Enquirer: 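Sending over a structure as structure tokens; questions will come in a sec.
The structure presented is a predicted model; accordingly, all values stated were derived computationally and were not measured. Atoms considered below: every heavy atom in the structure, side chains included; atoms not considered: hydrogens, waters and symmetry mates.
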Amino acid sequence: MLLVLVGVVAVTGFLSHAAYNPYLGHNAVIPRGQDFKPFTFTWPASPSWLYALNQGLHVTVGIVAVPLLLAKLWSVIPRLFEFPPVRSVAHLFERVTALALVGGAIFQFGTGIFDVQLYYPWHFNFVEAHYYGAWVFCSALVLHVGTKFPVMVKAFRTRRELLEGPGGLVAPDPAPPTISRRGFLGGVGAAMGGMFILTAGQSIGGPLRKAALLAPRGGGDDFPVNKTAAFAKVGRVDASWRLKLVVNGRHVVSLSRAELLALPQRSYDLPIACVEGWSTTQRWSGVRLADLARHAGAPNASQVQVESLQPAGAFRQTTLAANELHAEQSLLALSVNGAELPLDHGFPARIIVPALPGVHNTKWVGEMRFT
Ligand SMILES: Nc1nc2c(c(=O)[nH]1)N[C@H]1C(S)=C(S)[C@@H](COP(=O)(O)O)O[C@H]1N2
Ligand SMILES: [Mo]
């Protein structure tokens with residue numbers, strides 16, 4: 001069961017990396033897609049819930065798997081003190097991969113949970129560390145399962161005799177049990193159910209949303225704010241604000257909010273789906289990005305760099321690829337749920353692109369550069 005859950009977390013994790021497509025190695029402002037990425041492909045811009053589903057699975061399944069992971073680690077603790085520590089080359093190999101596996105699991109689950117809690121008691125870049133950690137963890141997992149596969153198959157086939165033989169799953173003279181199998185499995189199952197109830201609502205909504213007490217951005221009725229304007233050091237702009245549109249390095253037009261509102265307006269129900277796992281669907285209205293490109297005289301632009309009024313920070317800019325820029329529902333949103341965009345949600349204008357990680361839905365847009 002742990003193998004299945006970890007498999008889901010690994011696959012959705014690598015997919016998330018492809019969708020986010022961050023630049024690794026620096027915190028600098030660099031267009032997406034200029035990095036070493038083994039799984040480079042164009043992340044689709046539909047269906048709109050794609051990233052919400054992916055990331056909801058990644059975070060929820062990861063958190064629900066924690067009690068099972070701890071139970072597994074607890075059950076193998078005696079093996080840590082095996083004697084003699086190394087019996088053969090094969091045994092040494094097995095122990096080294098187990099070390100990478102245990103270390104990788106603690107690192108991946110630990111950094112993931114800390115990120116969801118927006119708590120960073122370290123000095124490395126979370127995205128980079130969690131990504132390279134995933135390679136260590138997954139490689140060790142493949143090697144570990146590979147070396148243990150024959151034992152697994154035998155154990156499922158013949159049960160008890162093999163569990164207890166030499167090289168079997170149970171230590172030769174086990175300590176007296178401290179808990180029954182039923183009590184142990186029941187406890188782990190209850191803990192997993194509890195973790196589900198306390199987090200899943202942040203992505204699946206409904207009545208569970210109120211119960212998502214472990215989700216710092218997802219609980220309650222409100223529509224979450226990732227970073228407030230105050231946190232991002234963005235003040236309310238006045239009537240002099242203009243959106244600058246630049247094509248191939250040449251500034252072609254500046255539009256006031258009134259002028260943007262005079263362009264054809266579209267409304268779509270679209271989610272914001274954060275890498276931290278929470279998502280929320282709202283009704284966004286504004287100008288289609290494709291219409292803006294046409295308005296700027298760049299109807300066939302192959303990408304757009306979006307820059308925020310926010311003075312600093314990794315999320316103050318994004319680059320949208322052609323399929324994202326030209327998707328039917330991609331908007332420069334000016335209002336949400338029929339009301340003017342609140343400052344914390346990106347007033348005077350923000351990006352909303354379906355199926356994209358929330359981090360690319362840049363708030364407080366000041367400039368868009370089409371190329
Ligand atoms: N300028 C700017 N835009 C931003 C961010 C930011 O920190 N600065 N955070 C992003 C992230 S990570 C998410 S999940 C969404 C959240 O949007 P919301 O705060 O309106 O819910 O905004 C995105 N846009
Ligand atoms: Mo986010």
Side-chain angles (χ1 to χ4, degrees), residues 1-15 38-39 57-58 60-113 130-196:
M1 194 171 163
L2 185 58
L3 194 55
V4 171
L5 297 187
V6 165
V8 170
V9 175
V11 169
T12 51
F14 284 114
L15 285 173
F39 306 121
L57 278 172
H58 183 69
T60 308
V61 173
I63 287 175
V64 166
V66 167
L68 197 55
L69 177 72
L70 293 177
K72 164 77 182 174
L73 292 176
W74 175 78
S75 75
V76 296
I77 279 178
R79 311 213 116 205
L80 193 61
F81 305 104
E82 260 175 351
F83 194 84
V86 177
R87 284 199 303 269
S88 63
V89 174
H91 186 232
L92 175 68
F93 177 77
E94 187 196 308
R95 296 208 77 184
V96 170
T97 56
L99 185 72
L101 185 61
V102 172
I106 292 171
F107 186 81
Q108 286 306 93
F109 280 81
T111 50
I113 288 166
H130 199 65
Y131 175 67
Y132 291 119
W135 281 105
V136 173
F137 175 68
C138 292
S139 314
L141 184 66
V142 167
L143 293 173
H144 181 73
V145 172
T147 49
K148 288 295 194 184
F149 198 69
V151 182
M152 281 165 72
V153 171
K154 275 193 209 159
F156 275 113
R157 279 219 186 111
T158 49
R159 325 261 338 198
R160 218 170 162 85
E161 312 80 78
L162 273 145
L163 291 181
E164 289 170 355
L169 297 173
V170 177
D173 54 277
T178 51
I179 185 172
S180 70
R181 168 186 290 252
R182 188 169 297 179
F184 179 68
L185 294 181
V188 172
M192 292 171 73
M195 295 308 274
F196 181 83

Enquirer: Could you grab the distance from atom CE of Met1 to atom CE of Met192, nearest 0.5 Å is fine?
Expert: 4.0 Å

Enquirer: Shortest non-hydrogen contact from His91 to Arg87?
Expert: ND1-N, 3.0 Å

Enquirer: Looking only at heavy atoms, which two atoms of Pro67 and Ile63 are closest? And how far apart?
Expert: CD-O, 3.7 Å

Enquirer: Dump the intermediate steps for side chain to side chain contact (heavy atoms under 4.5 Å, CB included) on Val66 and Ile113, then the final yes or no.
Expert: CA-CA 10 Å; Val66 167; Ile113 288 166; 3.8 Å; yes

Enquirer: Can Leu69 and Gln108 be said to form a side chain to side chain contact (heavy atoms under 4.5 Å, CB included), step by step?
Expert: CA-CA 12 Å; Leu69 177 72; Gln108 286 306 93; over 6 Å; no

Enquirer: Taking only residues two or more places apart in sequence, or in another chain, which ones meet Leu101 in a side chain to side chain contact (heavy atoms under 4.5 Å, CB included)?
Expert: Phe137, Ala140, Leu141, His144

Enquirer: Are any side-chain N or O atoms of Thr60 and backbone N or O atoms of Leu57, one a donor and one an acceptor, separated by less than 3.5 Å?
Expert: no

Enquirer: Could you report the tightest heavy-atom contact between Phe109 and Gly62, atom names first, then the distance?
Expert: CE2-O, 3.3 Å

Enquirer: Measure the CZ-CZ distance between Arg95 and Arg79 for me, rounded to the nearest 0.5 Å.
Expert: 9.0 Å

Enquirer: So, for Met152 and Leu3, which heavy atoms are closest and what is the spacing to 0.1 Å?
Expert: CE-CD2, 4.3 Å

Enquirer: Please name the pair of heavy atoms, one in Trp74 and one in Ile179, separated by the smallest distance, quoted to 0.1 Å.
Expert: CH2-CG2, 4.1 Å

Enquirer: So how far is it from Tyr131 OH to Thr111 OG1, rounded to the nearest 0.5 Å?
Expert: 14.5 Å

Enquirer: Among Val9, Val8, Val11, find the one that has a side-chain contact (heavy atoms from CB on, under 4.5 Å) with His58.
Expert: Val9

Enquirer: Enter the distance from Leu68:CG to Met195:CE here, rounded to the nearest 0.5 Å.
Expert: 12.0 Å

Enquirer: Identify the heavy atoms of Phe14 and Cys138 that sit nearest to each other, and give their distance.
Expert: CE1-SG, 3.9 Å

